[in-house]
Amino acid sequence: MSSAGKTEQLIAQLAERLVHQGQKLVTAESCTGGMIAASITAQAGSSAWFERGWVTYSNAAKTEELGVDAALINQHGAVSEGVAAAMASGACAHSHSDFAIAVTGIAGPDGGTPNKPVGTVCFGWAHQGACRTETVLFSGDRAAIRTQSVTHALTGLLSLLSDPTNFSS
């Protein structure tokens with residue numbers, strides 16, 4: 001199955017779950033540049049379960065739009081689980097959504113460091129004040145890293161929706 005087909009399948013599953021539960025989703029994206037929101041809104045009927053999305057590419061945008069503490073970014077860097085969690089929590093707090101997906105990473109080809117090489121992507125999934133985070137190292141070029149990030153973000157939320165106790169505060 002192509003990556004586009006897999007994304008469509010994941011979105012259909014999310015739509016079914018969220019519509020059935022009467023819940024909404026919000027996104028806060030950095031390295032994916034709105035690809036998650038674009039993939040969701042490409043599907044007819046997504047307005048029933050997708051509330052809004054932010055592309056907070058700069059550190060200032062993360063702080064101004066989502067309330068991410070600048071000190072957190074300065075201490076850990078924008079590509080960190082702490083910032084991903086703050087982005088997800090901020091997205092929930094600044095919207096009318098039940099769930100949030102946040103993504104921040106280094107898609108390349110530049111910007112990597114020995115501690116955070118190109119392909120390092122941090123994810124945050126928030127629900128009712130609780131958040132789950134994860135860091136993944138993807139391989140490939142910029143397009144491949146971004147596509148893998150979209151798939152991972154959607155897959156992660158579906159997994160968490162299957163058992164909301166997976167969210168930890």
Side-chain angles (χ1 to χ4, degrees), residues 1-58 61-62 64-66 68 78-79 83-109 111 118-128 131-162 164 166-167:
M1 177 181 300
S2 71
S3 62
K6 180 170 176 115
T7 299
E8 289 175 10
Q9 184 180 56
L10 291 169
I11 291 169
Q13 292 171 357
L14 272 176
E16 183 179 330
R17 283 235 172 106
L18 292 172
V19 168
H20 177 73
Q21 296 171 358
Q23 295 177 313
K24 299 265 187 175
L25 173 67
V26 63
T27 58
E29 303 178 65
S30 186
C31 67
T32 50
M35 290 173 65
I36 298 169
S39 296
I40 289 168
T41 58
Q43 304 299 312
S46 58
S47 62
W49 59 277
F50 183 69
E51 209 264 334
R52 70 179 78 178
W54 280 274
V55 176
T56 53
Y57 207 66
S58 71
K62 290 172 182 63
E64 294 166 9
E65 298 293 319
L66 301 173
V68 177
V79 180
V83 169
M87 288 171 65
S89 296
C92 277
H94 291 88
S95 69
H96 306 283
S97 294
D98 305 283
F99 294 93
I101 294 173
V103 182
T104 182
I106 305 165
V118 169
T120 302
V121 181
C122 299
F123 299 87
W125 297 274
H127 173 60
Q128 296 181 342
C131 193
R132 169 107 188 268
T133 60
E134 183 177 17
T135 300
V136 179
L137 180 60
F138 295 114
S139 61
D141 63 10
R142 182 177 181 82
I145 291 165
R146 293 174 72 197
T147 300
Q148 291 170 81
S149 296
V150 170
T151 301
H152 189 81
L154 296 170
T155 301
L157 182 58
L158 272 170
S159 173
L160 292 167
L161 284 172
S162 67
N166 288 325
F167 287 94

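This one's a predicted model, so the numbers in the text were calculated from it and none came from an experiment.
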Shortest non-hydrogen separation from T133 to A85 and the atoms involved: CG2-CB, 3.6 Å

Neighbour count >12 (heavy atoms, 6.0 Å) for atom CD, Q21: yes

M35 CE to T27 OG1 distance, which is reported to the nearest 0.5 Å: 12.5 Å

Geometric class of the H152/F123 ring pair [parallel <30°, tilted 30-60°, perpendicular >60°]: tilted

Heavy-atom closest pair, residues S97 and V26: OG-CB, 3.4 Å

Inter-residue atom distance R146.CZ - C31.SG, 0.5 Å rounding: 7.5 Å

pair T56-E29: side-chain heavy atoms closer than 4.5 Å: no

Reported CG-to-OG distance for the pair L14 and S39, which is rounded to 0.5 angstrom: 11.5 Å

V121 and I106, any side-chain heavy atoms less than 4.5 Å apart: no

Flag, side chain of Q9 to backbone of G5, donor-acceptor distance under 3.5 Å: no

Partners meeting side-chain contact (heavy atoms from CB on, under 4.5 Å) with S3 (sequence neighbours left out): T147

Nearest-0.5 Å distance, NZ of residue K6 to CG of residue L154: 10.0 Å

R17 side chain to L161 backbone, donor-acceptor under 3.5 Å: no

Minimum heavy-atom distance A102-M87, with the two atoms named: CB-CB, 3.6 Å

Stepwise side chain to side chain contact (heavy atoms under 4.5 Å, CB included) test for L157 and L25: CA-CA 10 Å; L157 182 58; L25 173 67; 3.6 Å; yes

Distance-minimising heavy-atom pair for V103 and S149: CG1-CB, 4.4 Å

Atom pair NZ (K24) and CG (D98), whose distance is rounded to the nearest 0.5 Å: 9.0 Å

Over all atoms of both residues, closest heavy-atom pair of A153 and I101: CB-CG2, 3.6 Å

For K62 against S30, the heavy-atom pair lying closest together: NZ-OG, 3.0 Å

Atom pairs and distances, side-chain donor-acceptor, residues 43-54, under 3.5 Å, sequence neighbours left out:
{"residue": "S46", "atom": "OG", "partner": "I40", "partner atom": "O", "Å": "3.4"}
{"residue": "S46", "atom": "OG", "partner": "Q43", "partner atom": "O", "Å": "3.2"}
{"residue": "R52", "atom": "NH1", "partner": "H94", "partner atom": "O", "Å": "3.0"}
{"residue": "W54", "atom": "NE1", "partner": "E65", "partner atom": "OE1", "Å": "3.4"}

Separation between CG of L160 and CZ of F99, rounded to the nearest 0.5 Å: 8.5 Å

Polar side chain donor-acceptor pair, Q23 to H127, under 3.5 angstrom: no

